[in-house]
Number of protein chains: 2
Amino acid sequence: MSKSVAADQIAAVREFNRFYTRHLGVLAQHLMDSPYSLTEARVLFELAHRETPLAKEIGASLGLDAGYLSRIVQSFADSGLVKRTPSPSDRRQHLLALTAKGRAAYADLERRSERDMGTMLASVQEAERPRLTAAMATIERLLGDHPAAPPILRSPRPGDIGWVVQSHGAIYAAEYGFDASFEALVAEIAGAFLAKHDPGRERCWIAEHDGMQAGSLFLVRDSDQVAKLRLLLVTPQARGHRLGDKLLNEAVGFARQCGYRKVTLWTQSILIAARRLYQSAGFELVGSEPHRSFGQNLIGETWELRL
Amino acid sequence: MSKSVAADQIAAVREFNRFYTRHLGVLAQHLMDSPYSLTEARVLFELAHRETPLAKEIGASLGLDAGYLSRIVQSFADSGLVKRTPSPSDRRQHLLALTAKGRAAYADLERRSERDMGTMLASVQEAERPRLTAAMATIERLLGDHPAAPPILRSPRPGDIGWVVQSHGAIYAAEYGFDASFEALVAEIAGAFLAKHDPGRERCWIAEHDGMQAGSLFLVRDSDQVAKLRLLLVTPQARGHRLGDKLLNEAVGFARQCGYRKVTLWTQSILIAARRLYQSAGFELVGSEPHRSFGQNLIGETWELRL
DNA sequence: GTAAATAGTTGCATTTGGCAAGTATTATTT
DNA sequence: AAATAATACTTGCCAAATGCAACTATTTAC
């Protein structure tokens, strides 16, 4: 949580709220040829999806006034959609249950809504639909109180090596002004790894966060005794979740398991977040020298970890 | 557009609709300490953001009943927020304009809403916020009926070469079952281009559609007289917009302008969409031979175009 | 020139939904 | 154990929100 929020982010969220308000308004109109109002439909949904629905729960969940809700439930009871039985544990409240007729009404509404949604989704390119649902899931996670899916590490899948090149190229250009030669170097390293590596002693990990690629790390053979780490990256969006630690631990563990005696790596002094990670993982700085690469004056550093 | 939509996608969208309905409901309650209802606030927004607002436009855009809107505008006029002047071009309609008082009221509402949104956003991790707004932008793009920005061709930017590798890797794996060696080959080709190419006679184009990378094509020197096309791709999401044509025309035009006498390319017989493109651009098949690559049995084809 | 369509207004009615007082019950305090 | 407070709902009351249809003035289409 931080206090100040960028104005353009606020503007973007407000714009989306306006957009989705309009969008939901259109959907609500489709509901119009059903006998239920939007609020009634929402209540019906809650009734259908709870084991033992209680009015107060539904009211709290939908943010409805108790009096208003009471009337809605009553109208449902009058038309035979719900049955109310006094709760044995607390005689102030009533256990609500959809009757067969109520379930049928709900199913009908459901069908209708699914059909409408289907036609709406049909106007979205098929290949884009997973993107749409992923974006929706992201919003729900961020605005809801859902716990984030724990980040995972996995082996690269088709496209992931390209993603490594892309993200290195884009991020280092944006954050440090590296020029295209850096992206070219990453392409060469990553491509060479993909073309030919010893799966028993060399490996690449992709960190995934929220279903998206969020980081990378490669461990390759330098000599029989020495492994080398390359291309450690965590995307800006995924920082702060200790993905770097995770990647590093996994790689060092693998190196140990492979029988390497030492892990080495080359990095730049300006990459302070990475340096901190190496340090806390037990790596030691064993040498540094200035060089000009990627359009920048840099100080290259070599770090080592004895296993 | 495709007919059948997966049930789980429909369910995901409906779930999101419920979620966001609740979310917007919470936001609307915050509005309650302002003198305006949600609908009035929306109308005020439209009034403030149009050059020459007309009632019918606002009504259409917000999906409001004409009678209802008329009354809202009237109430705004009564309280001195808007001024109505008969339109000179069509005397049935009135030109609406916020008065100074109206602008002040809007600004106040704006401030209020920004503050509320700010506190809401403050509960989202700072690093996550760009992800939130990106997801919102995605949804707006996919569900909005924005006239898709006309596709454009441009030079690669940082990350784009990596994107070429990624998209080739992912798409050929999914559509033709190519294995990792293909992605590795693309990484090598694209990386080599980036590392060293003659900008005067070699070039890469990225097709952009809807603000996203949507295709690629490289033209490189084969000999002084002969140029070679490589890595033509249009993403599945962007197909059907003649991006392939566009890329090909651009590249052939460039080759001509560079003084090449011939353009050649190597492709696979199974890539029928690409073949059709080459054919219609005037290329001729000059040779073909079976080979085993990328984990598949393929028939490689060489095509040529005399300039 | 006439019919049809459009932009907006107005009257009428319904629906939506908030608020407060009221009832029965349960929980908490002394 | 009695008194008090809180809870779960109900009910009456009311105002705001909003849909619908008829109506006027004007423009467009045939």
Side-chain angles (χ1 to χ4, degrees), chain A residues 21-22 24-44 46-47 50 52-79 82-97, chain B residues 21-22 24-44 46-47 50 52-79 82-97:
Chain A
T21 298
R22 257 200 304 274
L24 289 171
V26 174
L27 294 184
Q29 307 220 311
H30 276 264
L31 208 79
M32 281 313 166
D33 53 345
S34 95
Y36 307 106
S37 76
L38 173 60
T39 307
E40 285 171 332
R42 294 173 74 200
V43 172
L44 205 48
E46 294 293 328
L47 285 170
R50 292 170 181 272
T52 54
L54 292 174
K56 68 156 179 167
E57 292 171 0
I58 295 177
S61 159
L62 298 182
L64 296 180
D65 174 73
Y68 183 32
L69 178 58
S70 172
R71 259 180 278 262
I72 290 176
V73 171
Q74 200 150 48
S75 83
F76 283 171
D78 288 349
S79 52
V82 307
K83 195 160 131 273
R84 280 190 288 196
T85 51
S87 161
S89 65
D90 182 340
R91 291 195 336 260
R92 289 170 305 179
Q93 46 191 15
H94 287 200
L95 301 177
L96 305 176
Chain B
T21 298
R22 258 200 304 273
L24 289 171
V26 174
L27 294 184
Q29 308 219 312
H30 276 265
L31 208 78
M32 282 312 167
D33 53 344
S34 95
Y36 306 107
S37 75
L38 174 59
T39 306
E40 284 171 330
R42 294 174 74 201
V43 172
L44 205 48
E46 294 292 329
L47 285 171
R50 293 171 181 269
T52 54
L54 292 174
K56 66 156 181 170
E57 291 171 1
I58 295 177
S61 158
L62 298 181
L64 295 180
D65 174 73
Y68 183 30
L69 178 58
S70 172
R71 258 180 280 263
I72 290 176
V73 171
Q74 199 150 47
S75 83
F76 282 172
D78 288 350
S79 51
V82 306
K83 194 158 131 282
R84 280 191 288 196
T85 51
S87 161
S89 65
D90 183 339
R91 293 198 331 261
R92 290 169 304 178
Q93 46 191 15
H94 287 199
L95 301 177
L96 305 176

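Numbers restart at 1 for each chain; the letters A, B, ... are given by sequence-line order, proteins then strands.
Using a 4.0 Å heavy-atom cutoff across all strands shown, A:Ala66 reaches at least one base atom of the nucleic acid. Residue contacts shown for A:Asp65 include a base, since a base heavy atom lies under 4.0 Å away.
Of the two residues contacting DNA chain C, namely A:Leu64 and A:Pro88, the nearest-nucleotide position lying further toward the 5' end is that of A:Leu64. When the nearest nucleotides of DNA chain C are assigned to A:Thr39 and B:Lys56 by heavy-atom distance, the more 5′-ward of the two goes with B:Lys56.
In this structure, B:Gln74 contributes its side chain and B:Arg71 its backbone to no donor-acceptor pair below 3.5 Å. In this structure a side-chain-to-backbone donor-acceptor pair under 3.5 Å is missing from A:Ser70 to A:Ala66.
The distance between atom CG of B:Leu69 and atom P of D:dT18, rounded to the nearest whole Å, is 12 Å. Separating the OH atom of A:Tyr68 from the P atom of D:dC9 is a distance of 18 Å, rounded to the nearest angstrom. Rounding to whole angstrom units, CD of residue A:Glu40 and P of C:dT15 are separated by 10 Å. With rounding to whole Å, A:Gln93 atom CD is found 9 Å from C:dT26 atom P. When rounded to the nearest whole Å, the span between CG of B:Leu38 and P of C:dT16 equals 17 Å. Put simply, OH on A:Tyr36 is 15 Å from P on C:dT15, counting in whole angstrom units. Separating the CD1 atom of A:Ile72 from the C1' atom of D:dC9 is a distance of 14 Å, rounded to the nearest angstrom. For the pair B:Leu95 CG and C:dG8 P, the computed distance is 10 Å after rounding to whole Å.
The side chain of B:Ser37 places an N or O atom within less than 4.0 Å of a non-bridging phosphate oxygen (OP1 or OP2) of D:dA17. Between B:Gln74 and C:dG8 there is no side-chain N or O to OP1 or OP2 distance below 4.0 Å. Between B:Arg91 and D:dT26 there is a side-chain N or O to OP1 or OP2 distance below 4.0 Å. Contact between the side-chain N/O atoms of A:Arg71 and the OP1/OP2 oxygens of C:dG18 is not found at any separation under 4.0 Å. Considering only side-chain N and O atoms, B:Ser70 lies nowhere under 4.0 angstrom from the phosphate OP1 or OP2 of C:dA7.
Between the side chain of A:Arg92 and the base of D:dT7, at least one donor-acceptor pair of N or O atoms lies under 3.5 Å.
With distances taken from any side-chain atom of A:Arg84 to the nucleotides D:dT10, C:dA7, C:dG17, the minimum falls on D:dT10.
Of all the heavy atoms in B:Leu54 and B:His94, the pair that sits closest is CD2-O, 3.4 Å.
Side-chain polar atoms of B:Ser89 and B:Ser87 form a donor-acceptor pair below 3.5 angstrom.
At a threshold of 4.0 Å, the pair A:Arg50-A:Glu46 counts as salt-bridged, since one of the basic side-chain nitrogens sits closer than that to a carboxylate oxygen.
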